[in-house]
There are 2 protein chains.
Amino acid sequence: MNAGMQFPPNVLAAECPSRQVLKHLTSQWGVLVLLALQDGTQRFSALRRRVGGVSERMLAQTLQVLEGDGLVLRVAHQVVPPHVDYSLTPLGAEAAQRVADLTGWIEAKLPEILAAQGA
Amino acid sequence: MNAGMQFPPNVLAAECPSRQVLKHLTSQWGVLVLLALQDGTQRFSALRRRVGGVSERMLAQTLQVLEGDGLVLRVAHQVVPPHVDYSLTPLGAEAAQRVADLTGWIEAKLPEILAAQGA
DNA sequence: CGGTATACTTACTAAAATGTATGTTCTTCC
DNA sequence: GGAAGAACATACATTTTAGTAAGTATACCG
C-alpha cells in the first residue's frame with residue numbers, strides 16, 4: 001500500500017519500513033522495557049525502578065514509541081495523583097518473547113563472551 | 001571475578017556487563033551484520049553490498065566490535081589488493097539465530113505493526 | 001503546614017552514533 | 001596511462017540519543 005514498501009519485507013534493505021520497527025525494538029531502553037513488562041502490568045514508577053538506569057524522560061519516550069507500534073498498552077486512570085498502567089499487547093508479548101530469548105542467551109553465555117573479550 | 005560483576009548476570013541491572021554485550025548485539029548495524037553473515041563467509045565489500053545503507057566506516061567498526069565479543073571471525077589473506085573473510089564463530093552463530101528470530105518476526109508481523117501505527 | 005509520591009512535559013546540555021570525504025597501496029582492466 | 005577495486009584509517013561535521021533540572025496539580029502522611 002505504501003509507496004516505498006516492498007514485498008516481502010526485508011530488514012537488510014535500507015528503505016524497508018521494518019528497519020524502523022527494528023530500531024524501536026532493539027533500542028537500548030526498548031529492549032529492557034519489553035523485558036520488564038513480561039512480568040505483567042506495571043505502572044510508570046514501578047517500571048522506572050525495575051529498569052536499572054533509565055531516566056523518566058527516556059522511559060516516557062520509549063513507552064510512547066512502543067505504544068505507537070502497538071506493542072504496549074497504556075491505560076490511564078483519571079485520578080489525582082495520576083495512575084497509569086502499562087502492559088504488553090498480544091503483539092507485544094510475542095516481541096518480548098524473542099527479545100527475552102536474546103537477552104537470556106546473552107546472560108547465559110556472558111562468561112564465554114567475557115572470556116573472548118579478554119583474549 | 002570482576003569487581004562490579006554480579007551473579008547471575010541480569011540485563012535489567014545497570015551495572016551488569018551483559019548490558020554492553022546487549023548494546024553490541026542490538027546495535028543498528030550489529031543486528032544486520034550478524035544476519036548477513038548467516039549466509040556464510042563473506043568478504044568486506046560483499047557484506048557492504050548486502051547490508052543496505054551501511055557505510056564503510058560503520059561496517060568496519062561494527063565488525064571489530066563483534067570480533068571483540070568473539071562472535072565474528074576475521075581472516076585476512078596477506079595479499080594485495082587486500083582480501084579479508086568474515087564469518088560467524090560458533091558463538092556468533094547462536095547469537096545470529098536469536099537475532100534472526102526477532103527480525104523474522106518483525107518481517108512477518110510488519111503489516112500488523114504498520115496497521116497499529118496508523119491507528 | 002511541609003514533604004512525598006504520581007506521571008509526565010519542556011528546555012537545555014552533553015555524549016554517543018553515524019555520515020562524508022580523503023588517503024593508502026598495489027594490481028588488474030580498457 | 002588513467003580508472004577501478006580491495007579493506008580499511010583518520011579527520012571532521014552532523015544527527016541522534018540521552019541525561020539533568022525544573023515545572024504541574026493534587027492528595028495523603030505526620
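Reminder, nothing fancy here: chain letters follow the sequence lines and each chain counts from 1.
Hydrophobic clustering of Ile, Leu, Val, Met, Phe, Trp and Tyr side chains at less than 4.5 Å, counting indirect connections, keeps Leu73(B) apart from Leu37(B).
Regarding His77(B), its NE2 atom lies at a distance of 18 Å from the P atom of dT27(C), rounded to whole Å. Atom-to-atom, CG of Leu47(A) to P of dA7(C) comes out at 9 Å; the value is rounded to the nearest Å. When the P atom of dA6(D) is taken as reference, atom CG of Asp85(B) falls 13 Å away, rounded to whole Å. Atom CG of Leu63(A) and atom C1' of dA7(C) are 11 Å apart (whole Å). In this entry the distance linking NE2 of His83(A) with P of dA7(C) reads 7 Å, nearest Å.
Between Leu32(B) and Val54(B) the shortest side-chain heavy-atom distance does not fall below 4.5 Å. At a threshold of 4.5 Å between non-hydrogen side-chain atoms, the residues Val72(B) and Gln64(B) do not count as touching.
In this structure a side-chain-to-backbone donor-acceptor pair under 3.5 Å is missing from Arg50(A) to Leu12(B). Looking at Arg19(A), its side chain does come within 3.5 Å of a backbone N or O of Val11(A) through a donor-acceptor pair. Panel note: side chain Arg48(B), backbone Leu59(B); no donor-acceptor pair is recorded below 3.5 Å.
Gln64(A) has no side-chain polar atom (N or O) that falls below the 4.0 Å cut-off from OP1 or OP2 of dC8(C). Note on Arg43(B): every side-chain N or O is 4.0 Å or more away from OP1 and OP2 of dA6(D).
Arg48(A) comes within contact range of no nucleotide atom at all, as no heavy-atom separation falls under 4.0 Å.
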Q: Mark up nucleotides 12-30 of chain D, 5' to 3', with B wherever a protein heavy atom is under 4.0 angstrom from a base atom, S wherever such an atom reaches only the sugar-phosphate, and - elsewhere.
A: -----SBBB-----SS---

